[in-house]
Amino acid sequence: MSQAFRLFNTLTGKIEPLNLIEPNHLRFYSCGPTIYSYAHIGNFRSFLTADLVLRTARAIGWKTTYVTNITDVGHLTNDDTMDPSGEDRMAKALQSSEGTRFANVWDLSRFYSDALQSDWQQLNLLKPDVQPRATEHIREQIQTIEKLISIGAAYVTTSGVYFSVDRFSDYGKLSGNQASEALEQAVRDVVVDPEKKDPRDFALWKKDDQHLMQWYSPWGWGFPGWHIECSVMAQCYLGDEIDLHAGGEDLIFPHHECEIAQAEALTGRPFSRHWIHTRFLQVEGQKMAKRIGNFFTVRDLVIEKGVEPLAVRLALISGQYHKPFNFTFSTLRDCERHIKRIREAYDATKNANDLGRQDQSSLADALTEKQHLILNALLDDLNTPAAIAHALDGVRTILKNKDSLGRQAHEHMTEISNLLGIVPQAALPPSDGHVSNVRGSIPKAEDSQTEIIEQMIQKRSIARRERDFSKADKIRDQLLEMNIEIKDSANGTTWEHKSKI
RNA sequence: GGUGACGUGGCCGAGUGGCUAGGCAGAGGCCUGCAAAGCCUUGUACGGCGGUUCGAAUCCGUCCGUCACCUCCA
C-alpha cells in the first residue's frame with residue numbers, strides 16, 4: 001500500500017505528492033559535491049535532505065534507486081576578481097597551501113573523495129545505489145553532446161561546444177529566469193566567447209589542451225561543462241525520465257535549469273517530475289565563510305571538537321530543508337544531549353527486546369501512535385522538526401518506563417533509527433586514525449588515559465566516602481579540565497568525554 | 001534591477017481559519033554532600049498596515065525586512 005509523500009516541488013512552487021513513473025519505485029538523483037576540499041556542514045545539510053527522502057520512501061514500502069554523483073572534474077570558477085585567469089576549482093585547490101601535499105589533481109581528487117565517504121558514514125547517511133564520478137562518464141557526456149549537436153540543439157565554436165538556449169522554449173521554467181535581456185545584462189562570462197549566439201547559451205564542452213584534466217573529444221582536447229555531467233549520469237542510471245531530482249538552492253539556476261534544457265532537448269520528454277532544493281544554512285546568524293571563522297566541515301566538529309557525529313546529523317536536520325536554517329553551537333550542544341538520551345533509551349530497549357518481553361498495552365499504544373506521527377511528519381514535506389519532536393517524546397516515554405519495556409519500545413527505537421538515523425547503536429568503523437566509540441570520537445591514544453581517569457575517580461570516591469568534599473571536588477575539576485564529565489548515581493560514578501564546544 | 005523563497009516568544013523551530021507542537025534558555029520545586037543528569041510545575045508569540053470572516057499566526061492585498069540565485073558555490 002502506498003501513502004502520499006508530499007514535497008515542495010520547485011518546478012510548480014507547490015507542495016505536491018510524489019507521483020512516481022513506476023508505481024512504488026522512486027528513481028531519485030541528488031547533486032553531490034565538487035571534491036576540491038572537505039565537504040562542509042552546508043553540503044551535508046543538502047545530502048541529508050536526500051537521505052531523509054530515501055528513508056521515508058523506504059518506510060512506506062517503496063523500492064528506491066538513489067544516485068548521487070561526485071564531481072571530480074575541475075570547473076571554472078566565477079570569481080573573476082580573485083581569479084582572473086579563470087582557473088578551475090580543482091587546479092586552484094592543488095595550488096593552495098593544503099594542496100601542495102598532492103602529486104596531482106587526480107591524487108587530490110582521490111583524497112577528498114575518500115574523506116567524503118568517511119564523513120558520509122560518520123553522519124550515518126545511507127549508501128547510494130550508485131555514486132558515479134564525472135570523470136568516469138566522459139564518454140557518455142561526449143556522446144550526448146554529439147547528439148545535441150546533431151539535432152541542432154548545440155553548436156561548436158573555436159573555444160568549445162555550446163547549448164543553444166534559443167532552441168529550447170521551456171528554458172527558465174524552473175528558476176523563473178526567462179527574460180534573455182535580463183540575463184544578457186547580468187551575464188559575467190568566465191571565458192568570453194564572441195561566437196556565442198545567445199548570451200544565455202552555456203558550455204557543454206570546453207576546448208583546452210593546457211588544462212590539468214583533459215580528455216580527447218571530437219572537438220579536440222578539453223573537458224566537459226559542469227551541467228552536462230549530472231543530466232547524463234542521471235539518465236544513464238535512472239532512465240530518460242526520473243521521479244525526483246534534488247540539490248542545494250544555489251543549483252536551481254543555472255545548474256538545474258541547464259540540466260533540464262540538455263535532457264529535455266534530447267528526449268522531448270520531462271526530465272524530472274519533481275525538484276526539491278535545500279536552503280542554505282547560516283552559522284550563528286551569518287553566512288558561513290572562512291574569514292568570519294564560522295566555516296565548519298564535518299571533521300572540524302567531529303574530530304577537532306570531539307562532537308558526537310550523530311549530534312551533528314541531528315542538528316543539521318533539526319530545521320526543515322525548505323526553510324532557511326541557522327546552525328548554532330547552542331543547537332549542537334542540545335543535540336549532543338538528545339543523542340545521549342536516545343542512546344540510553346536504545347540500550348534500555350535492547351535488553352527488553354532480548355528478553356522477548358511485551359510492553360504494557362498502554363505503553364505499546366502510545367509508542368505506536370508516536371511512530372505514526374513521525375512517519376506522517378516526514379511524509380509531509382520532510383517536516384523534520386515535528387518528526388524529531390515526536391521521536392524525542394517517545395524517547396522520554398521509554399526512559400520513564402525503563403523497567404517495563406518490551407518489544408514495542410525496541411521497535412520505536414528501530415523506527416527512529418531507520419527514519420531519522422539518529423540512534424547510535426554500535427561503534428562506527430574507525431576512520432582517519434580515530435576510533436569512534438559510543439561517547440564520540442576519541443583519538444586512540446586516549447585509550448591509555450582511561451586508566452588514569454578511572455584511578456582519579458576511584459580516589460574521588462574514597463574522598464567522598466571520607467566526606468572530604470573539597471578534595472573530591474578538586475578531582476572533579478581536574479577531570480573537567482581533561483574534558484571528562486562525571487555523574488554520581490546510586491550505582492556509582494560514571495564518566496564520559498565532553499566535546500569542546 | 002530581475003527571479004524565487006522565507007518572516008512565529010529570550011533563542012532554535014512546528015503549526016495554514018476556532019482545538020497544548022517540541023527543544024534550549026529563564027523561574028519555582030524534587031533528587032544530590034555540592035554538582036551534573038533526570039523528573040514535576042511555569043510565564044512570554046505570530047514583521048507593519050489594511051481587508052475577508054461570527055472568528056485570522058493561518059486566506060487576500062500592500063508595505064517592510066531577511067536569504068538565495070542571476071553562467072559553472074550544497
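Owing to the predicted nature of the structure, the values given are computational and were not obtained by experimental measurement. Just so we're on the same page: letters track the sequence lines, and every chain starts at 1.
- For A/F325, the ring-ring contact (aromatic ring centres under 6.0 Å, His included) test picks out no residue, with sequence neighbours left out.
- Using the Watson-Crick or G-U wobble rule with both distances under 3.5 Å, B/G50 pairs with B/C60.
- A/Q210 and A/W221 share no side-chain donor-acceptor pair at under 3.5 Å.
- More than 12 non-hydrogen atoms from other residues, nucleotides or ligands lie less than 6.0 angstrom from CD of A/E454.
- Toward the 5' end of RNA chain B, the nearer of the two residues A/K487 and A/G319, judged by each one's closest nucleotide, is A/G319.
- A donor-acceptor contact under 3.5 angstrom links the side chains of A/N69 and A/E229, judged on distance only.
- Residue contacts for A/I252: at a heavy-atom cut-off of 4.0 Å it reaches no nucleic acid atom on any strand shown.
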Polar atom pairs between nucleotides 6-11 of chain B and protein, under 3.5 Å, N or O only, would you list them?
from: B/G7; atom 1: OP1; to: A/K323; atom 2: NZ; distance (Å): 3.0

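- Under the side chain to side chain donor-acceptor pair (under 3.5 Å) criterion, A/T158 pairs with A/E195, sequence neighbours left out.
- For A/K173 and B/C70, the NZ to P distance is 21 Å, given to the nearest whole Å.
- Note on A/I486: a base of the nucleic acid sits closer than 4.0 angstrom, heavy atoms only.
- Distance check: A/E415 CD to A/H390 NE2 gives 13.0 Å after rounding to the nearest 0.5 Å.
- For B/U16, there is no paired base (Watson-Crick or G-U wobble, both distances below 3.5 Å).
- Counting any heavy atom pair closer than 4.0 Å across all strands shown, A/A203 reaches a base atom.
- For the residue pair A/D334 / A/T331, no side-chain donor-acceptor distance below 3.5 Å is found, with atom types taken as modelled.
- With both pairing distances under 3.5 Å, B/A36 is matched to nothing as a Watson-Crick or G-U wobble pair.
- Side-chain polar atoms of A/H256 and A/H277 form a donor-acceptor pair below 3.5 angstrom.
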N/O contacts under 3.5 Å, protein versus nucleotides 21-23 of chain B?
from: B/G23; atom 1: OP1; to: A/R396; atom 2: NH2; distance (Å): 2.1
from: B/G23; atom 1: O2'; to: A/H338; atom 2: NE2; distance (Å): 3.0

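- Here the nucleotide nearest the side chain of A/T331, chosen from B/C12, B/A74, B/C70, is B/C12.
- Contact annotation for A/G247: backbone-only contact, meaning every heavy-atom pair under 4.0 Å involves sugar-phosphate atoms and none involves a base.
- Distances shorter than 4.0 Å separate none of the side-chain N or O atoms of A/K400 from OP1 or OP2 on B/G38.
- For A/R341, counting side-chain heavy atoms from C-beta on, the closest listed nucleotide (B/C39, B/C12, B/C73) is B/C39.
- Across all strands shown, B/G1 pairs with B/C70; the Watson-Crick or G-U wobble distances both stay below 3.5 Å.
- Using atom C1' as the reference point in both B/G38 and B/U8, the two lie 30 Å apart (nearest Å).
- A cation-pi arrangement is present between A/K197 and A/Y155, with the terminal nitrogen or guanidinium carbon under 6.0 Å from the aromatic centre and inside a 45° cone about the axis.
- Backbone-only engagement by A/F325 is indicated by non-hydrogen atom pairs under 4.0 Å involving sugar-phosphate atoms exclusively.
- One P atom belongs to B/G18, the other to B/A57, and the distance between them is 11 Å to the nearest Å.
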Between N or O atoms, less than 3.5 Å apart, protein on one side and nucleotides 27-33 of chain B on the other: list the pairs.
from: B/G33; atom 1: O6; to: A/R460; atom 2: NH2; distance (Å): 3.4
from: B/G33; atom 1: O6; to: A/R464; atom 2: NE; distance (Å): 3.3
from: B/G33; atom 1: N1; to: A/D473; atom 2: OD1; distance (Å): 3.0
from: B/G33; atom 1: N2; to: A/D473; atom 2: OD2; distance (Å): 2.8

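- A straight line from CD of A/E249 to P of B/A5 spans 12 Å, rounded to a whole angstrom.
- Heavy-atom distances to RNA chain B give each of A/C258 and A/M288 a nearest nucleotide, and the one nearer the 5′ end belongs to A/C258.
- When only modelled atom types and interatomic distance are considered, A/Y36 and A/D72 share no side-chain donor-acceptor pair under 3.5 Å.
- Between B/A25 and B/C12, the distance separating the two P atoms is 15 Å to the nearest Å.
- Counting any heavy atom pair closer than 4.0 Å across all strands shown, A/K340 reaches no nucleic acid atom.
- Using modelled atom types, one side-chain atom of A/D201 and one backbone atom of A/V165 make a donor-acceptor pair closer than 3.5 Å.
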Would you tabulate the side-chain donor-acceptor contacts of residues 311-322 of chain A under 3.5 Å, counting partners in other chains and residues two or more places apart, or write 'none'?
from: A/R313; atom 1: NE; to: A/L420; atom 2: O; distance (Å): 2.8
from: A/R313; atom 1: NE; to: A/G421; atom 2: O; distance (Å): 3.2
from: A/R313; atom 1: NH1; to: A/D51; atom 2: OD2; distance (Å): 3.1
from: A/R313; atom 1: NH1; to: A/L123; atom 2: O; distance (Å): 2.9
from: A/R313; atom 1: NH1; to: A/N124; atom 2: O; distance (Å): 2.8
from: A/R313; atom 1: NH2; to: A/D51; atom 2: OD2; distance (Å): 2.7
from: A/R313; atom 1: NH2; to: A/L420; atom 2: O; distance (Å): 2.9
from: A/S318; atom 1: OG; to: A/A315; atom 2: O; distance (Å): 2.8
from: A/Q320; atom 1: OE1; to: A/H322; atom 2: N; distance (Å): 3.2
from: A/Q320; atom 1: NE2; to: A/D381; atom 2: O; distance (Å): 2.7
from: A/Q320; atom 1: NE2; to: A/D381; atom 2: OD2; distance (Å): 3.0
from: A/Y321; atom 1: OH; to: A/F8; atom 2: N; distance (Å): 3.3
from: A/Y321; atom 1: OH; to: A/D381; atom 2: OD1; distance (Å): 2.4

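- Ring pair A/F47/A/W120 is tilted by interplanar angle, where 30° to 60° counts as tilted.
- Checking B/A27 for Watson-Crick or G-U wobble geometry (two distances, each under 3.5 Å) identifies B/U41 as its partner.
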